[in-house]
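The sequence lines fix the lettering, A, B, ..., with proteins before strands; numbering per chain opens at 1.
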2 protein chains.
Amino acid sequence: MWAGRDAMTSTVSGLAAVRFALDRTSPVPLYHQLAQQLEAAIEGGILTPGNHLGNEVDLSVRLGLSRPTVRQAIQSLVDKGLLVRRRGVGTQVVHSQVKRPLELSSLYDDLETAGQQPTTRVLHNETAPAAADVAAALGIPEGGEVTVLERLRFTHGHPVAFLCNYLPTGLLPLDTDRLQVTGLYRMLRSAGITLHSARQTIGARCATAQEAARLDEKEGAALLTMQRTAYDDTGRAVEYGTHIYRASRYAFDFQLLVRP
Amino acid sequence: MWAGRDAMTSTVSGLAAVRFALDRTSPVPLYHQLAQQLEAAIEGGILTPGNHLGNEVDLSVRLGLSRPTVRQAIQSLVDKGLLVRRRGVGTQVVHSQVKRPLELSSLYDDLETAGQQPTTRVLHNETAPAAADVAAALGIPEGGEVTVLERLRFTHGHPVAFLCNYLPTGLLPLDTDRLQVTGLYRMLRSAGITLHSARQTIGARCATAQEAARLDEKEGAALLTMQRTAYDDTGRAVEYGTHIYRASRYAFDFQLLVRP
DNA sequence: TAGTGGTCTAGACCACACG
DNA sequence: GTGTGGTCTAGACCACTAC
C-alpha cells in the first residue's frame, strides 16, 4: 500500500513536482508563504487546471505544518478563485483564466496599467459649503465645509473624463500640483487612509453642449456617468464623486467573484 | 480588578446585552450561528457602530466555544465589512451602512427585489453556429453549435433592456415558456450550475433607429451596454451575453468591498 | 506593562461523495 | 467502506498598540 503510493508519486504530474520552501524565521506567515508558492505553481503552469491538490492531511505532513495552517493557505486561494474544494472529492485547480477580481478601481491606475499615460488638469480645488446630496453622501451637516475638486483626465492628450469630487475638508492635504501628476486614491493611500468599501452607480446620458465642449465631443454624444461614495475601514465616508466619461473612449471592465 | 470588570458590564451597552443561543445539535455550524446572531445584533441596533466587541478569549469563554471558532465567526463578519479588527486595539462595529457587497447580479432578480415586477418576452430561442467573438468567449470552436437567446425585459409594461445571450447547447434545457416567467440565472441555478465568476464590460452608446424602436426610445437616446461572460465553479464558460439597457430607466448600482 | 488580535499546533469527530 | 473536506477543541507563543 505505502510502497504503491510512493511508486505512483513519480508519475503524478502536478503537486508532487512542486518544491516548497518555507521559512519559519520569516515574518511572513507560513500559510501565506504556502499560498504564494501554490499560486506561483498555478500561474507557472506546474499545477494545471483540473490537477488534484491531494488531501490536506498528507500535504500538511509533507510540509511539516499543521492541517489548519495548510487549510488556511488553501482557503485563501479558494477565496481568490484559483482553487475549488469539494467535500468527499478533493481540491482542484480551477479550469480557467480568472485574472483579477474587481477592485475598488482608480481611473488613474486603470489607465496607467493599460499603458495610457494618463495626465490630469485640475480645474478647481477649493472649499465650499456642502449641498444636500454631498452632505448626505459624506454624512456631514448640510452647508458644512467640504473640499471640491474638479479635474479633467487625459490620455495621449485627449480628454477622457471629467471628475468632480467632494472630500471632508482637512482629511488630507490636497496639493494641486500633486493632483496634476498622480491620482486621488494614491494620495489617500499615502496619507494613511485605507479604502474599505464603496457604493457606486453607473449610468449613461447624452452630452449637453457644455459637457461636449469640455470633453471634445459633439452635443448628444453618449456619456458614461458614475457616482461613487468611498468609505475607509472605520466606515467613515472619505470621498464622494460624480464622474463623466466619454463612452467613445472608455468603458468599465471588471471581473466578479461570487461570494458564497 | 475582576470585581471592577463585573460591575462595569452592567453599564456597558452593546455586547453584554446580547443573548446568544447556540444549538450544538443543529446542522448549522456553531461559527455560523454565532455570526448570524452577531449580524442580527448589529442590524437590530443592539450593537451600534463603534461598539467594541470585547476580546476574543473572554467571548469564547462566555459562549463555551473555543477561540478559533469565535474567530471564524468574527472573521466572516469582517469579510462582510460589518466589523473591523485591529491588533492591539480590538474589534469594533463599522461606522456605516455597508449593505450588500457586489453580487454577480441578475437583471431579473435586481428588478424583482426593487419591486419592479419584471416580465420577459422571448424573441428568439434557437441554436446556431457560433461567431468568432461568441466562440472565443465560450471557449468553443468557431462555428460550433450554441443556443442563441434574445429577450426583451419589461417593468410595468415598459421595455427596459434587450438581452442577447449565448450558451453551450445542451448545457441545460431552455424552455421558452419558463424563460418568459423567470430569469436565466435562476434557471442555471436550478439546473445545478453554480456561477462562480464573470468578466463584464459596461459602456454606453447612442441608440440606432432599430434599437430605439425595439426599446421604445428615440433614435440617438443614451443606452447602457454590457457584455458579460460567466463561469461556473470549474472555470467553464457557461454564458456569454450582450445586453442593452435604456439609460433613462436603468443604472447599475452596487457596493464594492476592498479585498485585503 | 498589560491587553489585544495574529499565528500555529496536534489532535478529534462528523458529513458527504464515490466505488 | 474509504477517503475527502468541514468543523471543533484547548492550549501556545508572538507582534502590535496603548498607557
Side-chain angles (χ1 to χ4, degrees), chain A residues 1-2 4-5 8 12 15 20 22-36 38 51-79 83-94 192 194 233-234 260, chain B residues 1-2 4-5 8 12 15 20 22-36 38 51-79 83-94 192 194 233-234 260:
Chain A
M1 187 76 142
W2 283 100
R5 279 214 176 169
M8 281 176 66
V12 171
L15 193 69
F20 293 100
L22 299 173
D23 176 8
R24 284 182 181 269
T25 71
S26 161
V28 177
L30 291 170
Y31 75 89
H32 196 243
Q33 293 183 36
L34 176 54
Q36 283 179 321
L38 280 172
N51 267 168
H52 277 263
L53 217 60
N55 73 60
E56 297 172 349
V57 180
D58 286 356
L59 188 55
S60 63
V61 170
R62 174 179 159 192
L63 296 171
L65 297 174
S66 71
R67 187 183 162 206
T69 302
V70 172
R71 270 186 70 80
Q72 195 173 359
I74 292 177
Q75 186 59 47
S76 70
L77 296 184
V78 170
D79 290 342
L83 298 177
V84 193
R85 283 205 276 212
R86 283 182 238 258
R87 170 144 53 176
V89 178
T91 306
Q92 293 172 288
V93 178
V94 129
T194 34
D233 53 11
T234 70
Chain B
M1 187 80 143
W2 284 100
R5 279 213 175 170
M8 280 176 66
V12 171
L15 193 69
F20 293 99
L22 299 173
D23 176 8
R24 284 183 182 269
T25 70
S26 160
V28 177
L30 291 170
Y31 75 88
H32 196 243
Q33 294 183 36
L34 176 54
Q36 283 179 320
L38 280 172
N51 266 169
H52 277 263
L53 216 59
N55 73 61
E56 298 172 349
V57 180
D58 286 354
L59 188 55
S60 63
V61 170
R62 174 179 159 191
L63 296 171
L65 297 174
S66 70
R67 186 181 162 207
T69 303
V70 171
R71 270 186 69 80
Q72 194 173 359
I74 292 176
Q75 186 59 48
S76 72
L77 296 184
V78 171
D79 290 342
L83 298 177
V84 193
R85 283 205 276 213
R86 283 183 235 258
R87 169 144 57 175
V89 178
T91 306
Q92 297 177 32
V93 178
V94 127
T194 33
D233 54 11
T234 70

Which pair of non-hydrogen atoms, one from A/A35 and one from A/L77, has the smallest distance, and what is that distance?
O-CD1, 3.8 Å

Gap between atoms CD1 and P, on A/I74 and D/dT4 respectively (whole Å)
12 Å

Atom CD of A/Q33 and atom C1' of C/dC8: how far apart are they, to the nearest Å?
13 Å

Select one nucleotide: of C/dT9, D/dT17, D/dT9, the one nearest the side-chain heavy atoms of B/L30.
D/dT9

From the options D/dT9, C/dT7, D/dC8, select the nucleotide whose nearest atom is closest to the side chain of B/P29.
D/dC8

Ignoring hydrogens and angles, tell me if any N or O in the side chain of A/E56 forms a donor-acceptor pair with the backbone of A/V70 under 3.5 Å.
no

Below the 4.0 Å mark, does D/dG3 have OP1 or OP2 next to a side-chain nitrogen or oxygen of A/N55?
no

Whole angstrom value for the distance that separates C1' of C/dC14 from NE2 of B/H32
18 Å

Could you tell me how far apart B/Q75 (CD) and D/dT7 (P) are, to the nearest whole angstrom?
15 Å

Of the candidate nucleotides D/dG5, C/dG6, D/dA18, which contains the atom at the shortest distance from the side chain of B/V89?
D/dA18

Looking at B/R86, I'd like to know whether one of its side-chain N or O atoms comes within less than 4.0 Å of OP1 or OP2 on D/dT17.
no

Within less than 4.0 Å of OP1 or OP2 of D/dT4, is there a side-chain N or O belonging to A/R85?
no

Kindly point out which of C/dG5, D/dC8, C/dT9 is positioned nearest to the side chain of B/S66?
D/dC8

Answer yes or no: does a side-chain N or O of A/T91 lie under 4.0 Å from OP1 or OP2 of D/dT4?
no

Could you tell me whether the phosphate oxygens of D/dT7, OP1 or OP2, come under 4.0 Å of any side-chain nitrogen or oxygen in B/Y31?
yes

Write down the atom of B/L30, the atom of B/D23, and the distance for their closest heavy-atom approach.
CD2-O, 4.2 Å

Taking N and O atoms by type only, does the side chain of A/R87 place a donor or acceptor under 3.5 Å from a partner on the base of D/dG3?
no

Would you check if A/L65 and A/R24 make a side-chain contact, meaning some heavy-atom pair closer than 4.5 Å?
yes

Taken to the nearest whole Å, CZ/A/R71 to C1'/D/dT4 is 11 Å

A/Q72 CD to C/dG5 P, straight-line distance once rounded to whole Å
16 Å

Could you tell me if the side chain of B/F20 sits less than 4.5 Å from the side chain of B/R62, heavy atoms only?
yes

Position toward the 5' end of DNA chain C (nearest nucleotide), B/E56 or B/P68
B/E56

Nearest whole Å is fine: how far is C/dC13 P from B/R24 CZ?
15 Å

How long is the line joining NE2 of B/H52 and P of D/dA18, in whole Å?
10 Å

Counting distance alone, no hydrogens or angles: does the base of C/dG6 have a donor or acceptor under 3.5 Å from a partner atom on the side chain of B/R67?
yes

